[in-house]
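Below: the structure, in structure tokens.
Quick note on labels: first sequence line is chain A, next is B, and so on, each numbered from 1.
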Number of protein chains: 2
Amino acid sequence: MPSSSLEPQSDAASSATPDTDVPVAGLKARLLNHLEAAPLRASQRLPSEREMIERFATTRVTLRDTLLQLEAEGRIYRENRRGWFVSPPRLRYDLLACLPFRDMVESQQRVASTEVLAAGEVAANAVIARRLGIAEGSVVYRITRVRRIDGRRVLHVCHHLRRDCFPGILDFDLGAHSLTDLYRHEYAIRVSRVSFELASTVFDAEAAAALNAAQGSPAQRITRINFDQNGRAVDCDDEHWRHDAIELTLSAAPQS
Amino acid sequence: MPSSSLEPQSDAASSATPDTDVPVAGLKARLLNHLEAAPLRASQRLPSEREMIERFATTRVTLRDTLLQLEAEGRIYRENRRGWFVSPPRLRYDLLACLPFRDMVESQQRVASTEVLAAGEVAANAVIARRLGIAEGSVVYRITRVRRIDGRRVLHVCHHLRRDCFPGILDFDLGAHSLTDLYRHEYAIRVSRVSFELASTVFDAEAAAALNAAQGSPAQRITRINFDQNGRAVDCDDEHWRHDAIELTLSAAPQS
DNA sequence: TAGTGGTCTAGACCACGGA
DNA sequence: CCGTGGTCTAGACCACTAT
């Protein structure tokens, strides 16, 4: 077992890491962990891959494997062809609080922003029709947005709204207003029940492009259906989050 | 666009693969997708990596990247050094139904089994103490189990129970009984509120070993705290699921 | 245009699994 | 024991980003 000191020596050598008896693989992984543990960067960019290769005396493939590992752990992330970055702390997302995005983000001392990618009418496909309890092919509103936290694009959302519930809603500024606020104040519709479906996957091509994520980056999918005070499904949305951006929370009475 | 049938043919040479203008990356990814789409295997093992290399005329590294992608998508999974397998359909896990594991699994026509890895007493660390509202260092029961669906190890759970709530619970057969059933019938404690914390990460070394997962495989972490009818936290658990094994669902009234 | 990450080739040795 | 996946080396070309 080579107990050599595999230290990144930028200027002053970060000494005192025995690195002996590294049991099994990892090797470089711990190494990179240490890289982050030591300077504890804020949310900055890592050195370029070629630079890290030299620093750690390793290969592109090996380095890349390690970076992908750390990405899976949620410790770093990448922007497509732009580089690797240290992940900021996860936003706590209380599924049942039903806070507007902006409020949720700001209550955690972060900065929120929203971008509307598209807003229009489409015919509901089978999935959407089933969720909303309407006939396939019915025209619904579709709104696609990207949301940022502290400038970082973390969420791609696609909403489908029953047109008969929210006539003319596209005329509002959907980048500035919370949809649930519009529901309540402009349409007298209150969300009185929500139903979720969560799974961990990767971004599809569209979401990846919108978030500037590499295709194949891990993503958290959240599908939500909102029901109004009459138990009618009024809208649904498909959210794809950078998986390292959130930690979901939830507190409720079980239905037993 | 090459609409040719990209079929893996074992003996016959892998001819007729134009490979022209494959738009962007993927290349092999689509190829492997097709591999699965065509025969639509049940939950069987994929050919060995070296065999696939030949079949698809590619390299180990490239092949491996592709497999890891499919793993991240939740379409295949691996057992440590044993090979790659097609992922079975996800189990729907209703967070608020609070069904015992066995019931949940069997209600979906699957077969459940449980293995107790360890059961004993430990001193509560800071995290556990905070969750349970007890003093750090208090002695609690700890139960570690592995759960299977259709024989596949999918879940590593570690429970921490307040000893004053469940005296002598370790004497029951914890592999056969549901904990919540024991709570109710043996200790007259009913779970009347649950609080969750969900995040997507990778397995730690212990969980990976217990599930025979490769270290670094993606995992869904679910932390739960159970409160009894008096609002007292009586136990908590840390679940680590193979991320492709579940789809979480949830339906409730928001707390607005 | 220079440098970056994304993708890929063609090998190698090791530790562990299963027969 | 052989075959498997796990890890690693040492390069290469391309598409895109940033300047």
Side-chain angles (χ1 to χ4, degrees), chain A residues 1-2 4 6 21-32 44-72 76-86 153 202-203 205 208-209 211-218, chain B residues 14 17 19-32 44-72 76-86 153 202-203 205 208-209 211-218:
Chain A
M1 49 199 73
S4 63
L6 302 171
D21 66 13
V22 229
V24 209
L27 189 64
K28 307 292 177 188
R30 323 277 158 92
L31 218 146
L32 276 178
Q44 225 57 29
R45 182 161 174 274
L46 269 57
S48 83
E49 295 187 357
R50 273 136 182 124
E51 200 174 332
M52 288 191 273
I53 287 172
E54 285 215 15
R55 288 245 275 259
F56 297 118
T58 182
T59 337
R60 191 83 187 284
V61 179
T62 306
L63 202 238
R64 212 124 213 293
D65 278 356
T66 306
L67 293 172
L68 291 169
Q69 281 267 345
L70 293 171
E71 180 188 46
I76 64 176
Y77 69 98
R78 52 189 157 148
E79 284 184 18
N80 205 7
R81 288 176 192 280
R82 288 201 349 109
W84 295 88
F85 303 83
V86 177
R153 286 190 276 250
V202 300
F203 288 116
L211 296 182
N212 211 343
Q215 51 178 152
S217 299
Chain B
S14 55
T17 53
D19 273 349
T20 53
D21 66 12
V22 228
V24 208
L27 187 65
K28 309 291 177 186
R30 325 278 158 91
L31 217 148
L32 276 179
Q44 224 58 30
R45 182 161 175 275
L46 268 60
S48 84
E49 294 186 358
R50 275 140 181 117
E51 199 174 332
M52 288 191 271
I53 288 172
E54 284 215 14
R55 291 244 275 258
F56 297 117
T58 181
T59 336
R60 190 84 184 285
V61 178
T62 306
L63 201 239
R64 210 125 213 292
D65 278 355
T66 306
L67 293 172
L68 290 170
Q69 281 268 347
L70 294 171
E71 180 189 45
I76 63 177
Y77 68 98
R78 53 190 157 146
E79 283 184 19
N80 206 5
R81 289 176 191 277
R82 287 199 352 107
W84 295 89
F85 303 83
V86 177
R153 288 191 276 251
V202 299
F203 288 115
L211 296 182
N212 212 343
Q215 52 177 150
S217 299

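Rounded to a whole Å, the CD atom of A:Glu51 is 14 Å from the C1' atom of C:dG5. With rounding to whole Å, B:Glu54 atom CD is found 14 Å from C:dT9 atom P. Between B:Leu63 atom CG and C:dA10 atom P there is a gap of 14 Å when expressed in whole angstrom units. Taking atom CZ of residue B:Phe85 and atom P of nucleotide D:dT4, one finds them 13 Å apart after rounding to whole Å. In this entry the distance linking CZ of A:Phe56 with C1' of D:dT9 reads 18 Å, nearest Å. Per the geometry, CE belonging to B:Met52 stands 10 Å off C1' belonging to D:dG5, to the nearest Å. Residue A:Ile53 contributes atom CD1, which lies 13 Å from atom P of D:dA12 at whole-angstrom precision. Between the CZ atom of B:Arg45 and the P atom of D:dG3 there is a distance of 13 Å, rounded to whole Å.
Residue B:Glu49 forms a salt bridge (Lys or Arg N to Asp or Glu O under 4.0 Å) with just one option from B:Arg55, B:Arg81, B:Arg60, and that option is B:Arg60. Across A:Thr58, A:Leu67, A:Thr66, a single residue satisfies side-chain contact (heavy atoms from CB on, under 4.5 Å) together with A:Met52, and that is A:Leu67.
The minimum heavy-atom distance linking B:Val86 with B:Tyr77 is given by the pair O-CE2, 3.6 Å. Nearest heavy atoms, A:Glu71 versus A:Ser217: OE2-OG, 3.6 Å.
Within the 4.5 Å cutoff, the side chain of B:Thr62 has no heavy atoms near those of the B:Asp65 side chain.
Taking 4.0 angstrom as the limit, A:Thr59 places none of its side-chain polar atoms (N or O) nearer than this to OP1 or OP2 of D:dG11. When the side-chain nitrogen and oxygen atoms of B:Thr58 are compared with OP1 and OP2 of C:dC8, none of them lie within a distance under 4.0 Å. Here B:Thr62 reaches the OP1 or OP2 of C:dT9: one of its side-chain N or O atoms lies under 4.0 Å away.
Position along DNA chain C of the nearest nucleotide to B:Arg60 versus B:Asp65 favours B:Asp65 as the more 5'-ward residue. Both B:Glu79 and A:Val61 lie close to DNA chain D; mapped to their nearest nucleotides by heavy-atom distance, the more 5′-ward contact belongs to B:Glu79.
Listed by chain and residue number, A:Glu79 satisfy the salt bridge (Lys or Arg N to Asp or Glu O under 4.0 Å) test with A:Arg82 (two or more places apart in sequence, or in another chain). Residues satisfying the salt bridge (Lys or Arg N to Asp or Glu O under 4.0 Å) criterion with A:Arg153, sequence neighbours excluded, are absent altogether.
Counting only heavy atoms from C-beta on, B:Glu49 has its side chain closest to D:dG5 among C:dG11, C:dG5, D:dG5.
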Could you run down the sub-3.5 Å N/O contacts of the protein with nucleotides 17-19 of chain D?
residue: D:dA18; atom: OP1; partner: A:Arg82; partner atom: NE; Å: 3.4
residue: D:dA18; atom: OP1; partner: A:Arg82; partner atom: NH1; Å: 2.5

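At the heavy-atom level, A:Arg50 lies under 4.0 Å from base atoms of the strands shown. Residue contacts shown for A:Ser48 are limited to sugar-phosphate atoms, with no base heavy atom under 4.0 Å away.
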